[in-house]
Structures are given as C-alpha cells and as structure tokens.
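For reference, the structure discussed in these notes is given below.
Nothing fancy with the numbering, it's 1 onward along the sequence. All values below were derived from every heavy atom in this structure, side-chain atoms included, with hydrogens, water molecules and symmetry-related copies excluded. Computed from a prediction, not measured in an experiment: that's the story for all the values here.
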Amino acid sequence: AILGRGRVCQARGCGVPGPVHPVHRNPWCGRDGVAAHGLAQPFILCVGSIEPRKNLRRLVRAFELLRNNPAASDHILVLAGPDGWDEGFASFLAGSPASAHVRRLGVVPLEHLPSLYHFASAVIYPSVYEGCGLPVLEAMSASAVVAASAVSSLPDVIGDGITFDPYCTEA
C-alpha cells in the first residue's frame with residue numbers, strides 16, 4: 001500500500017516546526033535532485049546516520065523480504081546520511097542477499113533532500129529511539145509517503161500516518 005505512485009497531501013494546513021531547515025518549508029522537488037544521485041528506478045528512502053539506534057540492519061532484512069513482493073521487485077533501498085558508529089554495517093550489508101539493490105549515498109546536499117523525499121515510493125524511518133525525528137518532518141513537508149517506527153517520539157511526529165513495530169522485521 002505504501003509503494004503507490006501517488007503522493008499524500010493534507011487538506012488542512014500544517015506548519016513546519018522551527019527545527020526543520022528552511023529548505024523544507026517551501027520545498028522545491030525536481031527530478032534533477034534525484035538524477036544527481038543516479039537514481040533512475042523506483043526507490044525506498046531512509047535518511048539518517050549509520051548507527052545502531054537507526055535500526056538499519058533490521059531495515060535491510062525487511063527489504064530482503066520485500067524484494068520477494070512483485071509490487072516492489074523493481075525497487076532499490078536508498079540510504080542517505082553520514083557514517084556513524086555502526087562499524088560492522090558495511091560488512092553486514094555486503095553479506096545481505098539484497099546488497100546489490102541497496103545504495104548508500106552518504107551525505108547528500110541539503111537542497112537535494114526535498115526531491116529525494118518527494119520522488120521516493122516511500123520514506124521509511126525505522127529508528128528505535130529518536131528525540132524528534134526530523135527526517136520524518138522533512139519527508140512529510142515534501143509530500144512523501146512516510147512510514148515510521150511506532151516508538152519513541154515518532155508516533156507523535158507522524159500523527160495519523162503509517163507506523164510499524166521496529167522490532168519486527170515482517171512489520
């Protein structure tokens with residue numbers, strides 16, 4: 001359901017909180033921000049540093065399962081963000097059956113983020129602990145379909161949006 005091509009736009013107005021960078025307040029979403037990263041096929045996006053609390057290992061395992069679904073078989077998983085302190089993540093990813101379908105972009109230019117969020121089939125935020133969850137707010141401001149963990153501050157941030165159990169790979 002979250003891999004639909006349409007975008008979700010709220011009928012009611014919504015202010016973007018102060019901590020979100022001004023580039024996300026009136027985001028410009030053009031294909032060149034996606035093309036700059038060589039993303040020509042449908043993708044699922046996750047933005048954040050590579051660290052254990054971001055739950056990226058479980059996300060990769062979930063993506064392995066998703067690759068078996070015909071609706072998602074043409075998708076790649078795109079990870080955008082800096083290296084953190086999950087030192088074994090690169091070798092974990094290399095050992096994944098889905099590794100050929102996972103792209104790590106590293107740090108992306110701030111002005112590309114709205115386009116990446118907007119043109120992703122879905123933005124996934126599987127973190128097990130967040131203070132705020134700024135990427136969720138940023139993605140929603142770019143009219144992305146967002147699914148986030150149902151723990152920590154994220155249910156409050158996403159409101160009536162799509163949430164899941166971050167400890168359950170099948171979820």
Between R61 and E170, is the closest basic N to carboxylate O distance under 4.0 Å?
no
Using modelled atom types only, decide if a donor and an acceptor are shared between the side chain of S127 and the backbone of R53 within a distance under 3.5 Å.
yes
Group every Ile, Leu, Val, Met, Phe, Trp and Tyr by side-chain heavy-atom contacts under 4.5 Å, then state whether V108 and I76 land in the same group.
yes
Does R104 reach the side chain of F89, with side-chain heavy atoms less than 4.5 Å apart?
yes
Pairwise side-chain contact, I124 with F164, heavy-atom cut-off 4.5 Å (strictly under)
yes
Starting from the C-alpha separation in whole Å, work towards a yes-or-no answer on salt bridge (charged side-chain N to carboxylate O under 4.0 Å, His left out) for D86 and R57.
CA-CA 10 Å; D86 189 347; R57 292 176 188 235; 2.7 Å; yes
Quick check against the 3.5 Å criterion: does S149 have a side-chain atom that pairs as donor or acceptor with the backbone of V151?
no
With side chains defined as the heavy atoms from C-beta onward, is the minimum distance between H118 and V34 less than 4.5 Å?
no
I'd like to know if L154 and Y129 are part of one continuous hydrophobic network [Ile/Leu/Val/Met/Phe/Trp/Tyr, side-chain heavy atoms within less than 4.5 Å].
no
Flag yes if more than 12 heavy atoms outside Q41 fall under 6.0 Å of its CD atom; otherwise flag no.
yes
Hey, could you give me the OG1/CD distance between T169 and E64, rounded to the nearest 0.5 Å?
9.0 Å
Tell me, do L56 and L93 make a side-chain contact under 4.5 Å, heavy atoms counted?
no
Check against side chain to side chain contact (heavy atoms under 4.5 Å, CB included), L116 and L105
CA-CA 11 Å; L116 289 170; L105 301 182; 4.3 Å; yes
For C132 and S153, work out which heavy atoms get closest and say how close.
O-OG, 3.4 Å
Could you go step by step and tell me if I158 and M140 meet the side chain to side chain contact (heavy atoms under 4.5 Å, CB included) rule?
CA-CA 8 Å; I158 202 166; M140 291 189 313; 4.1 Å; yes
Start with the C-alpha distance between Y125 and E130, add both sets of side-chain angles, then the distance that settles side chain to side chain contact (heavy atoms under 4.5 Å, CB included), and finish with yes or no.
CA-CA 10 Å; Y125 205 70; E130 282 303 316; 3.3 Å; yes
Can you name the closest pair of heavy atoms from H75 and F63 and give their distance?
O-CZ, 3.5 Å
Hey, does C29 have a side-chain heavy atom less than 4.5 Å from the side chain of Y117?
no
Are F43 and S121 side-chain neighbours, meaning at least one heavy-atom pair lies under 4.5 Å?
no
Write down the atom of A36, the atom of H112, and the distance for their closest heavy-atom approach.
CB-CE1, 3.6 Å
Give a yes or no answer on whether the side chain of R67 reaches the backbone of H101 with a donor-acceptor pair at less than 3.5 Å.
no
Should L134 and L45 be counted in the same cluster of Ile, Leu, Val, Met, Phe, Trp and Tyr side chains packed under 4.5 Å apart?
yes
Nearest heavy-atom approach of S73 to P70 is OG-O, 3.3 Å
Is there a path of hydrophobic side-chain contacts, each under 4.5 Å between heavy atoms of I, L, V, M, F, W or Y residues, that connects V78 with L65?
no
Please confirm whether the backbone N or O of P126 pairs with a side-chain atom of N55, one donor and one acceptor, at under 3.5 Å?
yes
Do L77 and L66 have side chains that approach each other closer than 4.5 Å (heavy atoms only, starting at C-beta)?
no
L59 side chain reached by L79 side chain, heavy atoms, under 4.5 Å
yes
Taking all non-hydrogen atoms of both residues into account, name the closest pair between P114 and A142 and its distance.
O-CB, 3.6 Å
